[in-house]
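Note sheet for the following structure.
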Amino acid sequence: MPQSEPILRMAGISKSFGATQALQDVDFSCFTGSIHAILGENGAGKSTLIKIMSGVLDPTAGELFVEGGLVNFQSPTQAAKDGVVCIFQELSLVPDLSVADNIFLDSPPKKWGLIDKKTQREQARVLLARIKCGDIDPRALVKDLSLSRRQMVEIAKALSKKPKVLILDEATSALSSQDVDTIYGLLGELKDEGVCCLFISHKMHEVERLCDTLSVFRNGKHIETFAKGAKSDDEIVKLMIGRTVDAQFPAKPPPKDYETRLSIRDLKWERQLKGVDLTLGRGEIVGLGGLDGQGQKELLLALFGVLRSVEGEVRVDDQIVHTGSPAEAKASPTNFALVPEDRKTEGLMLPMSIADNLMIASLDKISDGPVVSPSKEKEAVANGIKQLEIKVGSPHHAVSTLSGGNQQKVVIAKWLCTNPDIVLLNDPTRGIDVGTKQEIYKLIRALADEGKSILLYSTDYDELIGCCDRVAVMYDGKITVELKGDEISETSIVSAALNIGDTPAHQKPGAMQ
Amino acid sequence: MNDYKKSLKLAIGQNMGFTVATVGLLLLWLLYNILHPGGFSSAVLIQNTNESVVIVFVAIAQTFPILLGGLDLSVGAVMTLANCVASALMSGSPIQILIGAIITLLTGTAFGFLNGMIVVYGRIQPIIATLATGSIAIGLALFIRPQPGGDVDGDLGWALTNDLYELVYTYGWWDADAAWFSPFAWIPVPLLIIIIVGFGIWLPFKKTVTGRTIYAVGSSESAAFMSGLPIERAKLTAFTMAGFFAACGGLYLAIQTSSGNADMTQAGSYTLNSIAAVVLGGTSLFGGVGGAIGSLVGALLLRMLSFYFRIMSIDPLLQPLIEGVVLLVAVSLGALRTLRTKNRLRLFR
Amino acid sequence: PEVVSGPGVNPACFSPWAEDTKYFQWEEREGPFKIAVVNGFVGNGWRIQMVKTAKAFAEDPAIKDKISEFKVVSTGTDAAVQLGAIEDFINQGYDAIVTIAVSPDGFDRVIRLADRNDVVLVPFDNVLDTDKVMQVNEDQIEMGRMYAEHVLAVLSSQGKTSGKLLEVRGLAGNSVDRDRSRGIHQVLDESGGEWEVISVVGNWDDGTAKKVVSDAIAVHGEFDGVLAQGGTNGVVQALLDTGHPMVPMSGEAENGYRKALAKYATDGLKGISIGQSPGLVAISMKAAISALEGNVMPQLISVPLPVATYDELKDGTNYWSDLPDNFFTVNAFPPCDVYISGPSIMAQTEDNS
Amino acid sequence: MNFPTINISSEDKPILIASGFILVILLIGTGYTLATQGTMPLLTVNYLLQQLQSGAFLGIAAAGLMLVILHGHIDLSIPWTMTAAAMMATTVGGELALPTGLAVGVCIGLVNGIGVGYLRVPSMIFTLGLDSAMRGLMVAHTGGYAPADTATPFMRFLASGKFMGVPMSVFVWAFVSLVIVFLLKKTTFGKSIYATGNNEAAAYLSGIKTRRVILGAFVVSGVCAALAGVLLAGYSAKAYQGMGNAFLLPSIAAVVLGGTHILGGKGKYIGTLIGVVLLVLLNSVLSIMQMPEAGRQVIYGTVIITMLLVYGRGQKVTS
Ligand SMILES: Nc1ncnc2c1ncn2[C@@H]1O[C@H](COP(=O)(O)OP(=O)(O)OP(=O)(O)O)[C@@H](O)[C@H]1O
Ligand SMILES: Nc1ncnc2c1ncn2[C@@H]1O[C@H](COP(=O)(O)OP(=O)(O)OP(=O)(O)O)[C@@H](O)[C@H]1O
Ligand SMILES: [Mg+2]
Ligand SMILES: [Mg+2]
């Protein structure tokens with residue numbers, strides 16, 4: 001480790017939200033020309049830490065030094081002036097403004113005191129080209145971009161501020177692997193230029209590939225900082241969650257032939273689905289892989305009745321079904337459940353109580369006719385909380401008071417209350433810590449063992465490899481390759497995702513023209 | 001060239017509501033002039049613009065809070081308050097009149113600023129805060145003008161509500177019959193006022209960071225905050241601007257009618273019409289999308305409707321019904337897009 | 001128009017407001033004429049009846065031949081729109097425009113325009129504070145005076161020369177409300193009696209009037225008389241429902257109020273009914289045509305107040321016990337040859353449109 | 001009535017403060033009458049019952065509106081829903097009067113619900129359009145058919161009659177209140193309303209038929225407004241154009257003063273109830289004090305702002 005003056009130093013920083021102590025007496029330093037990972041469970045205080053660094057939050061106590069000087073940031077803009085720039089976990093892009101507007105949102109190039117749109121556009125083009133996103137039109141509206149493109153814009157926006165300390169808070173969670181590679185390259189360049197990158201991620205392999213220094217946080221405390229390679233993965237995980245995790249993934253049953261429950265034939269929708277064929281067996285876990293935006297999400301939404309004018313045939317238990325809405329999809333005969341992509345906007349009613357959120361999909365099960373039965377409700381809520389071991393003070397607290405991982409558990413539990421047959425999971429472990437992830441994997445396997453069928457979309461290869469009985473890889477709105485048993489490996493998934501022809505697996509006929 | 005075309009296509013695609021409204025307005029206006037016995041004349045244009053100035057200003061005023069994702073239910077009342085203030089002050093020497101006009105505009109602006117303060121520092125939802133302050137504005141207007149009246153300088157009223165010829169002629173700035181002047185002499189003064197005040201302030205304003213922040217806040221307040229934008233300043237400015245433009249409307253109404261009238265129903269209908277105009281002009285009630293020029297078009301569209309009752313023979317007792325149904329249909333046209341949305345999740349915002 | 005000296009044509013119908021009322025004369029021109037009625041707000045019964053009266057009168061054989069085009073528009077409460085509509089009709093070459101102004105002020109521009117284009121502009125009902133146009137109205141101050149005179153007369157016949165009166169006012173800020181109230185208070189002041197007057201605002205609206213009158217009774221106890229200028233059905237209902245004794249009162253000319261007067265007069269509801277007539281529009285149209293024909297016209301035309309007291313009511317003549325409450329009874333003006341009675345306009349069955 | 005026991009949470013704060021304010025208004029009014037007449041009529045049962053009676057119309061309209069506001073929507077068609085229901089009720093007359101009025105409410109609610117829920121036109125603008133369309137329809141109706149406008153005896157009984165000394169309209173209001181409380185607290189419809197109001201996308205993805213829930217809320221609002229209109233006609237003994245105009249802004253204000261969040265998702269019915277009582281008393285006391293319209297408007301606005309400021313300012317957006 002370079003032992004010069006740290007570019008950024010925190011001394012005795014504490015932060016509390018009401019009763020919650022998010023950070024407690026944290027000392028932390030980072031140095032120029034380094035990529036520094038910050039690790040920790042959900043709710044460990046990572047985001048809070050960097051919000052304080054970047055002027056979003058005021059610390060309750062403690063001091064912050066940048067390049068040796070004491071600073072007191074009142075806003076992200078001030079922090080950016082001193083070279084501390086953050087890419088936040090929740091995107092900070094304005095959907096209705098153009099890409100160029102967003103990149104230069106708070107400090108646009110000006111002419112005669114007014115924003116100079118033309119210069120702004122050209123500068124945006126240059127920046128986008130630098131991160132190999134020349135295909136993004138600076139005039140396009142951000143809301144018209146896919147999530148991964150938006151994250152790239154977010155990165156361009158950060159770069160436009162010429163950062164000395166660049167903070168990425170799970171900024172790669174939604175990126176496609178191609179873009180991730182670009183970012184890795186970029187971070188390498190920045191490191192060589194002497195920029196300090198702080199990198200928060202729950203994906204261990206990213207951390208391993210990129211970072212040179214690691215800091216672990218737990219329960220709002222800074223536990224330890226060490227150089228890469230100084231500790232084994234198991235040791236790191238132990239530091240993070242305070243206990244050892246034996247096997248991350250539950251054991252898979254041996255490959256076998258499953259009785260088909262769901263079969264999809266030639267499913268088409270707009271330009272995103274171009275004829276998907278897929279089957280799903282009783283008790284089977286099928287993974288959906290591929291680069292981001294190849295139609296995986298649309299496939300799940302189409303099955304769940306969210307998309308309109310879907311063509312093709314969907315059979316459940318050999319019966320042709322048509323789901324016109326989630327209400328129909330969750331009812332028999334389909335009995336679908338969908339854990340959506342974004343729990344905050346699509347999964348939860350944040351200000352409402354945990355109990356209400358748990359019950360909202362299964363109101364018919366706790367009511368007599370239109371009238372809710374309080375006793376049934378109480379029982380069902382208790383069951384749901386117990387089944388997923390959700391850590392709640394009281395089921396009547398607002399769900400927004402829970403940590404991210406527990407919120408995600410509420411979303412899953414909500415659907416388990418409906419007793420579904422087919423569970424559609426859209427990246428259920430995004431932004432979730434190792435410990436919780438492990439619980440969710442166990443749960444998924446347990447559900448499969450109960451005879452439920454599971455379709456799991458994930459951006460994490462490890463997850464597909466570790467969890468699934470079969471992996472279907474999508475490319476350009478079609479399933480191009482299906483991998484089974486031992487065929488499921490990182491190389492096979494990646495090459496299938498990139499649609500490189502030399503996969504050993506079952507090439508679907510007609511998949512490549 | 002190709003890039004220019006692409007830009008245009010993008011701009012149209014990104015402003016569909018505005019484009020449709022503008023094309024619709026142009027068609028309706030052409031047809032109106034064809035049907036009108038005195039169509040395509042300066043007199044008709046003067047009449048059309050005169051009738052529209054106030055609602056245009058009030059609609060522009062309403063645009064700012066709506067872009068912010070809020071709503072200002074006090075614009076009509078502030079317009080009325082300004083109207084009453086102007087009716088009390090706008091007479092005497094030119095200097096006195098000028099000072100009167102400035103005080104009028106300041107009153108509205110200050111009231112808008114007050115709205116902004118309540119919204120920003122009181123953290124009360126704009127819709128309900130302005131519902132209450134609207135009441136206060138009407139109360140103050142009634143204090144100033146318990147009965148309609150006042151005498152605003154008549155020459156001023158005449159000069160500003162006619163074409164340039166009359167303006168120049170009334171004040172004798174130069175020879176109104178001069179040959180060089182005749183190509184411009186027909187231009188209605190109210191049209192110029194709308195263009196100069198409306199566009200002159202709006203277009204530059206949109207290009208300031210504060211202006212852009214208003215859009216950003218309407219689109220995603222948390223993103224705006226995270227990006228370090230001056231949110232509070234933007235909110236204060238938006239409501240202050242609303243007050244200012246509402247006052248412009250009130251001032252013009254005072255000039256146009258040479259009087260002030262603290263009419264509560266009229267204030268209410270201006271407020272509601274302003275919202276309708278903003279929406280017709282392609283601005284989203286959720287904020288972040290649209291603009292004052294759209295509101296101008298929307299306000300003109302709204303007025304256009306009543307123009308037609310005067311050139312066509314329609315049973316007078318059916319006119320209100322037709323007016324209501326046309327408004328209903330017009331706002332439901334946006335639903336066509338909804339029905340074409342293939343991903344239902346996109347419907348929720 | 002030219003200002004000329006009187007007397008004007010047909011003074012029985014177009015009677016000048018006062019002795020010093022000016023007279024106007026327009027150049028005579030060939031008929032038939034294009035006439036427009038520019039109404040303001042339309043969402044109340046009176047306005048609807050007015051619009052129907054205008055339509056019916058335009059079809060009246062007496063003037064039908066004199067009208068080549070006739071249009072009625074309602075502009076809502078927005079002054080700018082009403083001014084715009086008038087200006088539009090001027091631009092369209094109409095000969096005369098009859099209007100109910102939404103505000104007593106602010107018509108300077110259209111008056112100038114009308115003069116330039118030789119268009120006859122006739123405001124009525126809500127008249128303008130100007131003497132530059134020919135206008136038609138009933139005398140609102142006089143109406144207020146008669147309200148109060150009647151109530152005081154009944155009270156004094158009962159031996160009361162002082163006491164507690166309830167005044168139910170109309171829409172705040174409206175000149176009609178102001179004038180009627182002024183008339184009422186003039187008389188009360190002149191009477192020399194000790195009158196304690198409680199004023200409540202009923203907005204000329206039955207529901208509001210009933211509520212505020214009930215409140216006033218609950219708070220102030222009994223009144224000796226009620227001086228209402230609208231919403232009179234609500235006032236009567238309030239008296240009935242609170243068990244307040246029937247006292248002399250004043251009010252408008254809706255059929256419902258006259259029915260109540262006829263029914264409860266013996267219980268003490270010795271009321272007077274004077275109304276602003278929707279038929280004013282007919283007289284205004286007639287005046288406009290007369291002016292266009294080159295006749296000398298008074299600047300301000302006073303239409304006689306259609307008074308009926310409780311003892312003058314006759315079923316089928318000046319009220320109709322079997323017809324709805326909301327229409328306005330008084331509409332016939334014999335000196336003007338205008339005979340459009342309330343029932344014939346408002347109680348017609350749907351076929352003579 | 002089975003209202004929940006009050007334990008002080010952020011949701012209950014507005015309710016307590018508003019209740020306190022009601023006392024203040026009564027005290028001020030009593031102070032005034034004591035000073036001017038030496039009596040205290042405001043504290044008599046008679047006066048208070050009378051306020052409840054005339055408050056019932058506002059109360060019923062506000063009760064329905066609350067369901068719409070819980071969705072973050074608004075119903076601006078209340079004035080002409082009231083008027084149209086009342087006018088149609090008296091036109092039809094007889095035993096069918098009340099059902100006709102309510103049917104008008106259902107129809108208007110359905111149209112609003114389809115426009116807002118299914119076509120997804122912003123409620124602010126759709127209900128405004130329907131309001132003017134209804135006004136137009138009533139103008140055409142009056143102009144074309146000269147409808148009967150006298151309230152039927154049953155309407156009059158419901159609005160002005162008394163049972164055991166208590167005005168019937170108070171019972172009607174209480175009944176409506178019970179129904180609304182039941183709907184909100186005990187039924188799946190109620191839970192769906194809060195869920196949809198908080199996050200429609202999440203509710204939709206949870207299999208709730210959010211469009212129908214929205215439709216339902218608008219229908220309830222329409223029916224409540226219609227009932228209020230029919231009662232108001234019974235109270236004034238007749239139906240007339242524009243009779244609902246005075247009810248729109250107060251009903252919005254009452255709902256919000258009662259602590260319901262204007263953006264939806266949060267609020268208790270009892271708050272609305274108290275909000276209505278507050279506004280009715282405020283109006284009555286101002287009227288008793290013969291406050292001129294100008295002062296009345298200023299006081300009205302100031303009271304709303306002050307109370308909302310006292311309720312505690314909303315959350316600042318930080319993330
Ligand atoms: N605005 C807030 N109000 C109240 N509590 C908060 C707030 N923000 C964070 N917290 C709490 O502070 C703690 C730390 O949260 P933080 O967001 O820093 O966790 P994190 O390490 O970033 O977790 P994750 O990996 O899920 O992003 C958590 O218990 C969280 O619930
Ligand atoms: N959640 C929604 N929000 C808005 N519009 C929708 C929604 N779902 C469907 N629609 C639209 O409503 C129309 C009817 O769609 P669809 O056939 O899916 O519903 P439905 O089955 O008739 O409704 P329901 O299930 O409520 O009876 C379609 O035009 C569709 O675009
Ligand atoms: Mg975090
Ligand atoms: Mg269906």
Side-chain angles (χ1 to χ4, degrees), chain B residues 71 73 118 121-125 127-129 131-144 146 221-222 224-226 231 262 264-265 268 272 275-276 279-280 284-286 315-325 327-332 334-335 338-339 344-345 347-349, chain D residues 74 76 111 115 118-122 124-126 128-140 142-144 199-205 210 245 249 252-253 256 261-263 292-306 308-309 311-319:
Chain B
L71 208 56
L73 292 185
I118 293 177
Y121 298 108
R123 293 198 206 127
I124 299 178
Q125 274 306 316
I127 175 171
I128 200 74
L131 178 80
T133 55
S135 224
I136 297 177
I138 278 289
L140 295 178
L142 271 169
F143 272 123
I144 298 172
E221 182 162 355
S222 55
F225 178 80
M226 285 297 198
I231 294 182
M264 223 181 301
T265 11
L272 294 180
I275 301 172
V279 171
L280 285 180
S284 159
L285 273 183
F286 300 109
D315 182 338
L317 290 177
L318 290 182
Q319 288 169 9
L321 179 60
I322 295 171
E323 216 166 345
V325 170
L327 178 62
L328 211 50
V329 170
V331 298
S332 303
T338 306
L339 295 180
R344 294 194 183 112
L345 274 184
L347 297 173
F348 310 112
R349 216 211 102 160
Chain D
I74 199 149
L76 298 183
V111 175
Y118 287 70
L119 301 180
R120 308 211 79 80
V121 182
M124 191 87 201
I125 194 84
F126 192 88
L128 176 65
L130 190 57
D131 190 60
S132 28
M134 287 315 296
R135 185 184 65 207
L137 210 55
M138 287 305 107
V139 167
T142 307
N199 185 345
E200 189 175 351
Y204 173 72
L205 282 179
T210 58
N245 288 354
L249 295 187
I252 298 175
V256 173
H261 202 271
I262 191 84
L263 300 183
E293 189 64 24
R296 206 186 271 230
Q297 291 290 332
V298 172
I299 291 175
Y300 205 69
T302 314
V303 164
I304 296 179
I305 292 279
T306 318
L308 290 178
L309 284 177
Y311 287 175
R313 309 178 310 159
Q315 287 296 304
K316 200 173 162 184
V317 180
T318 48
S319 62

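A, B, ... follow the sequence lines: proteins, then strands. Residue 1 opens every chain. For clarity, every value in this text was computed on a predicted model and none was experimentally measured.
Annotation: the span from L263(D) atom CG to I127(B) atom CD1 amounts to 8.0 Å, rounded to 0.5 Å. In this structure, the separation between CZ on R344(B) and OG1 on T210(D) is 10.5 Å, given to the nearest 0.5 Å. Between S135(B) atom OG and L249(D) atom CG the span is 8.0 Å, to the nearest 0.5 Å. Interatomic distance, CD of Q125(B) versus NE2 of H261(D), reported as 5.0 Å (0.5 Å rounding).
Every residue meeting the side chain to side chain contact (heavy atoms under 4.5 Å, CB included) condition with A201(D), not counting sequence neighbours, appears here in chain and number order: L345(B), F348(B), N199(D). Under the side chain to side chain contact (heavy atoms under 4.5 Å, CB included) criterion, T133(B) pairs with S74(B), F111(B), N115(B), I118(B), T130(B), I305(D), not counting sequence neighbours.
Annotation: maximal heavy-atom pairing with chain B below 4.5 Å, among V139(D), I74(D), I304(D), occurs at V139(D). For chain D, the option among I138(B), V325(B), L140(B), I128(B) with the highest count of heavy-atom pairs below 4.5 Å is I128(B). Among E293(D), M138(D), M134(D), R135(D), the residue making the largest number of heavy-atom pairs under 4.5 Å with chain B is E293(D). Between chain B and the residues L130(D), D131(D), V303(D), the largest count of heavy-atom pairs under 4.5 Å involves L130(D). In terms of heavy-atom pairs under 4.5 Å with chain B, the best-connected choice from P122(D), P292(D), G115(D) is P122(D). Interface summary for chain D: among L318(B), L73(B), L321(B), the most heavy-atom pairs under 4.5 angstrom belong to L321(B).
For a residue to count as touching a neighbouring chain, one of its non-hydrogen atoms must lie under 4.5 Å from one of that chain's; by this rule I299(D) does not touch chain B. With a threshold of 4.5 angstrom between heavy atoms, I262(D) approaches chain B through side-chain atoms but not through N, CA, C or O. With a 4.5 angstrom heavy-atom cutoff, L71(B) touches chain D only via side-chain atoms.
For the pair T302(D) and I136(B), the minimum side-chain heavy-atom distance is below 4.5 Å. M124(D) has its side chain within reach of L285(B): a pair of non-hydrogen atoms, C-beta onward, lies under 4.5 Å apart. L272(B) is listed as a side-chain neighbour of L76(D), based on a closest heavy-atom distance under 4.5 Å. Y311(D) is not listed as a side-chain neighbour of I124(B), based on a closest heavy-atom distance of 4.5 Å or more.
Across all non-hydrogen atoms, the minimal contact from L142(B) to A294(D) is CB-CB, 3.5 Å. In terms of heavy atoms, V121(D) sits closest to S332(B) at CG2-CA, 3.9 Å.
Each of L328(B), L327(B), L280(B), V279(B) was compared with I125(D) under the side chain to side chain contact (heavy atoms under 4.5 Å, CB included) criterion, and only V279(B) meets it.
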